[in-house]
Student: 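Got a structure for you, written out below as structure tokens; questions coming shortly.
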Amino acid sequence: NAGVTQTPKFRVLKTGQSMTLLCAQDMNHEYMYWYRQDPGMGLRLIHYSVGEGTTAKGEVPDGYNVSRLKKQNFLLGLESAAPSQTSVYFCASSYSLGDTGELFFGEGSRLTVL
Amino acid sequence: EDQVTQSPEALRLQEGESSSLNCSYTVSGLRGLFWYRQDPGKGPEFLFTLYSAGEEKEKERLKATLTKKESFLHITAPKPEDSATYLCAVHWAGYSTLTFGKGTMLLVSP
């Protein structure tokens, strides 16, 4: 009954360090998404994937890279972290791309960049 | 200009005091409007999908309605456990995924 699992849940980085956030879903969903949520800004889409081996840019893709090598996993990478990337990151998955609107979200990964 | 605007930003109610949250949108070609609930420290959880003006959906003390330019989330006789941030999102012709509003933080006091 896991749904969408994100690791790690918390991370502190120094400016310039790199890291990868992992998202795993066990619902056999084709579509997966990475969002960031900042106070006063709402949820903003970083990148998404419409299937294994595919990725696409969202609203705020700069400074991030993603990969979807396996259907169940969607990785978000920061190559050189900046303080502006301090945020809460949410992964989500869905059966379809927006049609039903039912995205299943993970519990979030809180990243602080010093 | 935001494509999806939610109001108020925050709302404090007494237990049992009914009210409504608003979500207005300026996008064209609406394909669906969605409501989510988000508890502190958690990811959003899906509540409703509305597809056309006049449509209504209900779940316990919540009822969502849709007009041509806005949606309302009516909360009847709320309880403290209804306290959460409520997010509205739209799926429209010009964007392949959902566009979220900034949310309304609801606090229901006993």
Side-chain angles (χ1 to χ4, degrees), chain A residues 2-7 9-10 21 23-25 27 29-51 54-61 66 74 87-110, chain B residues 1-10 21-27 29-52 55 57 59 64 66 71 73 84-105:
Chain A
V4 177
T5 303
Q6 294 181 228
T7 53
K9 289 185 169 47
F10 301 92
L21 297 178
C23 177
Q25 55 97 0
M27 295 171 283
H29 286 162
E30 289 292 338
Y31 306 98
M32 296 187 74
Y33 316 81
W34 275 107
Y35 288 89
R36 61 177 290 173
Q37 188 173 42
D38 303 289
M41 299 296 294
L43 277 167
R44 293 182 292 168
L45 183 65
I46 305 171
H47 287 281
Y48 65 101
S49 168
V50 301
T54 75
T55 63
K57 293 181 180 180
E59 182 184 356
V60 288
V66 288
F74 196 28
S87 186
V88 181
Y89 292 85
F90 287 99
C91 176
S93 70
S94 68
Y95 176 74
S96 64
L97 192 64
D99 288 359
T100 66
E102 186 167 4
L103 304 186
F104 293 82
F105 284 85
E107 298 218 325
S109 297
R110 184 176 295 274
Chain B
E1 179 187 337
D2 287 344
Q3 295 168 320
V4 181
T5 303
Q6 292 189 245
S7 61
E9 291 184 9
L21 313 183
N22 177 263
C23 172
S24 64
Y25 56 92
T26 58
V27 301
L30 183 75
R31 292 178 174 169
L33 185 139
F34 315 100
W35 284 98
Y36 284 78
R37 169 190 170 126
Q38 185 175 21
D39 293 306
K42 303 288 187 182
E45 183 179 335
F46 173 79
L47 291 172
F48 304 111
T49 306
L50 301 165
Y51 292 107
S52 56
E55 189 174 357
K57 293 273 179 75
K59 182 178 181 179
L66 181 64
S71 176
L73 185 66
T85 295
Y86 291 86
L87 302 173
C88 167
V90 299
H91 182 221
W92 57 288
Y95 195 55
S96 53
T97 65
L98 302 187
T99 300
F100 281 86
K102 295 176 183 177
T104 293
M105 185 183 300

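Heavy atoms only: backbone and side chains are in, while hydrogens, waters and symmetry mates are out. In what follows, chains carry the letters A, B, and so on, assigned in the order in which the sequence lines appear, proteins first and then strands, with residues in each chain numbered from 1.
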Student: So, taking the atom named CZ in Phe100(B) and the one named CE in Met41(A), what distance separates them when rounded to the nearest 0.5 Å?
Tutor: 15.0 Å

Student: If I measure from the heavy atoms of chain B, does Tyr35(A) come under 4.5 Å with its side chain, its backbone, both, or neither?
Tutor: side chain

Student: Side chain, backbone, both or neither: which part of Leu43(A) has a heavy atom under 4.5 Å from chain B?
Tutor: both

Student: Contact part of Glu59(A) toward chain B, heavy-atom cut-off under 4.5 Å: side chain, backbone, both or neither?
Tutor: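 When you check distances to chain B, atoms from both the backbone and side chain of Glu59(A) fall under 4.5 Å.
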
Student: Report the residues that fulfil side chain to side chain donor-acceptor pair (under 3.5 Å) with Trp34(A), sequence neighbours left out, ordered by chain and then residue number.
Tutor: none

Student: Taking atom CD of Glu102(A) and atom CG of Leu47(B), what is their separation to the nearest 0.5 Å?
Tutor: 10.0 Å

Student: Looking only at heavy atoms and a cut-off of under 4.5 Å, which of Gly43(B), Pro44(B), Gly41(B) has the most pairs with chain A?
Tutor: Pro44(B)

Student: Does atom NZ of Lys57(B) have more than 12 heavy-atom neighbours, drawn from other residues, nucleotides or ligands, at distances under 6.0 Å?
Tutor: yes

Student: At a heavy-atom separation under 4.5 Å, does Leu87(B) approach chain A through its side chain, its backbone, both, or neither?
Tutor: side chain

Student: For residues Gln38(B) and Phe90(A), report the shortest heavy-atom separation together with the two atoms involved.
Tutor: NE2-CZ, 3.4 Å

Student: Can you establish whether the number of heavy atoms outside Arg44(A) located under 6.0 Å from its atom CZ is more than 12?
Tutor: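 Correct, the count exceeds 12.
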
Student: Which region of Gln6(B), side chain (C-beta onward) or backbone (N, CA, C, O), has a non-hydrogen atom less than 4.5 Å from a non-hydrogen atom of chain A, or is it both or neither?
Tutor: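 Neither the backbone nor the side chain of Gln6(B) comes within 4.5 Å of chain A.
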
Student: When rounded to the nearest 0.5 angstrom, what distance separates OG1 in Thr97(B) from OH in Tyr31(A)?
Tutor: 12.0 Å

Student: Would you find more than 12 non-hydrogen atoms of other residues, nucleotides or ligands less than 6.0 Å from Glu45(B) atom CD?
Tutor: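 Check fails, neighbour count at 12 or below.
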
